[in-house]
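Here is the structure we will look at.
Just so we're on the same page: letters track the sequence lines, and every chain starts at 1.
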Amino acid sequence: MLARDLVAERIAGAVEAAQQQGLLPAAALTGPAVERPQKAEHGDFASSVPLRLARAARMPPMEIAERLAALVAPHEAVARVWAAPPGFVNFALSDDWLREQVDAILAQGTAFGNSAVGGGRRVQVEFVSANPTGPLHVGAARGAVLGSTLANVLAAAGHEVSREYYINDAGQQVRLFYESVFAQYAQALGREGEEVPPGGYQGEYVVELGRELASEFGERFAQGEREEATREVGEAGLQRMLANIKADLELIGVAFDNWFSERGLFEGGEYERTLAYLREQGHTLEREGALWFNSSALGDDKDNVLVRGTGQPTYFASDIAYHRDKFVKRGFDQVIDVWGADHQGHVPRMRAMMEALGLDPARLTILICQLVTLKRGGETVRASKRTGELITLRELVEEVGADACRYFFLARTAESQLEFDLELAKRQSADNPVYYVQYAHARIAGILRQAAERGVGWEDGDTQLLTHEAELALIRKMAQLPELVETIARTLAPHTLPHYAGELATAFHWFYDHCRVLSSDPEHLALSKARLRLAAAAQTALARTLGLMGVSAPERM
RNA sequence: GCGCUUGUAGCUCAGUGGAUAGAGCGCAUCCCUGCGGAGGAUGAGGCCGUGGGUUCGAGUCCCGCCAAGCGCGCCA
């Protein structure tokens, strides 16, 4: 059990005891039982329950705090419980319990930080899902980092996680892409009069695709039936684009369990079934020659077209079929969609969609990730697929590195707009927060290497010898990781991970500064071994934290 | 015009309704007879956009206003 939960149980128990003894009137507790105080002098945990109970109890909060503190049941992990003004009950963990955590962490190894709160619930995280009609840009990078980290944390918290990329390979945009690619293919073969259609894809990458396909297929599709040729060449281009996207994502350590094809919804009949279901349930209406989803009846501020007058389904129609597939066909307990801010207007209709499908809207969480503004030396550069001025994910990673890229994107809340100055990122690269954390890990690796060279084994180190303030502070920080994993799994806000990583590194550096680990003095051998165990545990905690973030934990730098 | 998000130190950003608002970078001043100085210590720097409200208590919740970003299509 987490120390936090243990303390929460104790404060709840004390309240109950006080009520039974008539010291406190029966009143329901609201809000969290314990919190992490900001100041170390306030202990490891604090409860503001007395402050919140004061009114109902018609007693001064400090008096309640004193009564509760006296009633808290003892536990070996808790060394001290005390009331503090204006009405807190503070808890300090015992040194013995802290020291035991070192051995516990080493025993858990790479599993340290894991939790079972997820209870094996099946969660799907769908993220990136950028159209395969062009290379990934920086906005997609942010979503990729957020989604993959979330997936890592949810898995660590005991969920069965599936990472998914939805491929928009049906519809008008794909058609335009086919034609654009075919035009470039034909141009590469020297054919006159082949132009990218109006509104088509103009980027240099399409020209490049055309050249590649020309050298691969030669004249094979240059003659013959135009429709057929466009589809064949376009599809080959799409597959190449997807392969590029996959490769780009690998650059920042992102991999998917499933690549889901929109086209498959039509081919597999899910689209038809979904539409039939919506019709039967009376959620559709015909108007102006089109089929509409009656979403305004379900809380949206307007209705949405499902099938255009032309008979072409909208993106939204397949999106409903897609989510029906997720929940009804595949049975995910929870689905998290990571979207860019440019899709935020679609959130209400997704809620309406869940209602229409007879599903609990709470099972679908849509995380909106605000846009990334790129700056280059003070000049704002907007990443856009249409202007041709692309700052791609690949360019970004090649300039600042995958680790720094992930760390920077992660360190901010999803809902805050992110200003990323490429020049600044590069200039600060030697003094980057990510290197600070990685350096701590590498430093420990160095110490452990030296210990091995000197033939100092630390398996039998006695952690009870760890008494220095810096040693205990380091353990305290390490022991917070499982709690953090649970919190992030609940809040879906992993930006606290880089902050924690920094604090953990600081705690280690402070320990390193005050506590000599290796020593040539034989009298210090026992302490040395104990500290080696602590250092190894700190390395485990750092590696796990970095691992959850998808940032590398180097042995040397 | 309407909706969503944001406004906290010079810059980039943290801050589960609770105790004296924090970090990194930048700036200033210190610390190496020793395990990696990509380190450590100290300091300066804040009407938390603004005006009301709720509360024992508001950076945090509610309302108005100001400012920024993004949406508001039979585009995706």
Looking at B:G39 and A:Tyr512: do their rings stack (centroid distance under 5.5 Å, interplanar angle under 30°)? no

Looking at every strand, decide which applies to A:Pro61 at a 4.0 Å heavy-atom threshold: base, sugar-phosphate, or nothing. nothing

A:Arg406 side chain reached by A:Met549 side chain, heavy atoms, under 4.5 Å: no

Provide, to the nearest angstrom, the distance between the CZ atom belonging to A:Arg412 and the C1' atom belonging to B:U8. 15 Å

Stacking check A:His499 vs B:A23 (5.5 Å / 30 deg): no

According to side chain to side chain contact (heavy atoms under 4.5 Å, CB included), who are the partners of A:Ala33, at least two apart in sequence or on a separate chain? A:Ala8, A:Ile11

Please list, pair by pair, any protein nitrogen or oxygen found under 3.5 Å from a nitrogen or oxygen in nucleotides 1-5 of chain B.
| unit_1 | atom_1 | unit_2 | atom_2 | d |
| --- | --- | --- | --- | --- |
| B:G3 | N2 | A:Gln344 | OE1 | 2.9 |
| B:C4 | O2 | A:Gln344 | OE1 | 2.2 |
| B:U5 | O2' | A:Glu415 | O | 2.6 |

Please enumerate all residues that pass side chain to side chain contact (heavy atoms under 4.5 Å, CB included) together with A:Glu399, with sequence neighbours excluded. A:Arg376, A:Leu422, A:Lys426

When the distance from OH of A:Tyr407 to P of B:C25 is rounded to whole Å, what number comes out? 11 Å

Using a cut-off of 4.0 Å on non-hydrogen atoms, how would the nucleic acid contact of A:Leu418 be classed: base, sugar-phosphate, or nothing? sugar-phosphate

What is the distance, to the nearest angstrom, from the CD atom on A:Glu286 to the C1' atom on B:C74? 13 Å

Please determine, for B:A67, whether a Watson-Crick or G-U wobble partner exists with both distances under 3.5 Å, and give it or none. B:U6

Calculate the interatomic distance between A:Leu53 atom CG and B:G17 atom P; express it in whole Å. 18 Å

Whole-angstrom distance between B:A9 and B:G59, as gauged at atom P: 15 Å

Hey, is CZ on A:Arg476 packed in by over 12 heavy atoms from elsewhere, all under 6.0 Å? yes

With a 4.0 Å cut-off on N to O distance, would you call A:Glu126 and A:Lys326 a salt bridge? yes

Base, sugar-phosphate or nothing for A:Gln438? Non-hydrogen atoms, less than 4.0 Å. nothing

Rounded interatomic separation in angstrom, taking CD from A:Gln312 and C1' from B:C75: 13 Å

Between the protein and nucleotides 40-42 of chain B, which nitrogen or oxygen pairs are less than 3.5 angstrom apart?
| unit_1 | atom_1 | unit_2 | atom_2 | d |
| --- | --- | --- | --- | --- |
| B:G40 | OP1 | A:Tyr436 | OH | 2.5 |
| B:G40 | O2' | A:Asp513 | OD2 | 2.8 |

Under the rule for side chain to side chain contact (heavy atoms under 4.5 Å, CB included), what residues qualify as partners of A:Thr310, not counting sequence neighbours? A:Arg308, A:Gln312

Please report the distance, rounded to the nearest Å, between CZ in A:Arg52 and C1' in B:U16. 11 Å

Take the angle between the ring planes of A:Tyr201 and A:Phe177 and call it parallel below 30°, perpendicular above 60°, tilted in between. perpendicular

Mind checking whether A:His509 and A:Tyr436 have ring centres under 6.0 Å apart? yes

From CD1 of A:Ile447 over to C1' of B:C35, roughly how many Å is that when rounded to an integer? 5 Å

Of the listed nucleotides (B:C70, B:A38, B:G22), which one gets closest to any side-chain atom of A:Met557? B:A38

Mind listing the residues from residues 518-540 of chain A sitting with a heavy atom below 4.0 Å of RNA chain B? Number order is fine. A:Leu518

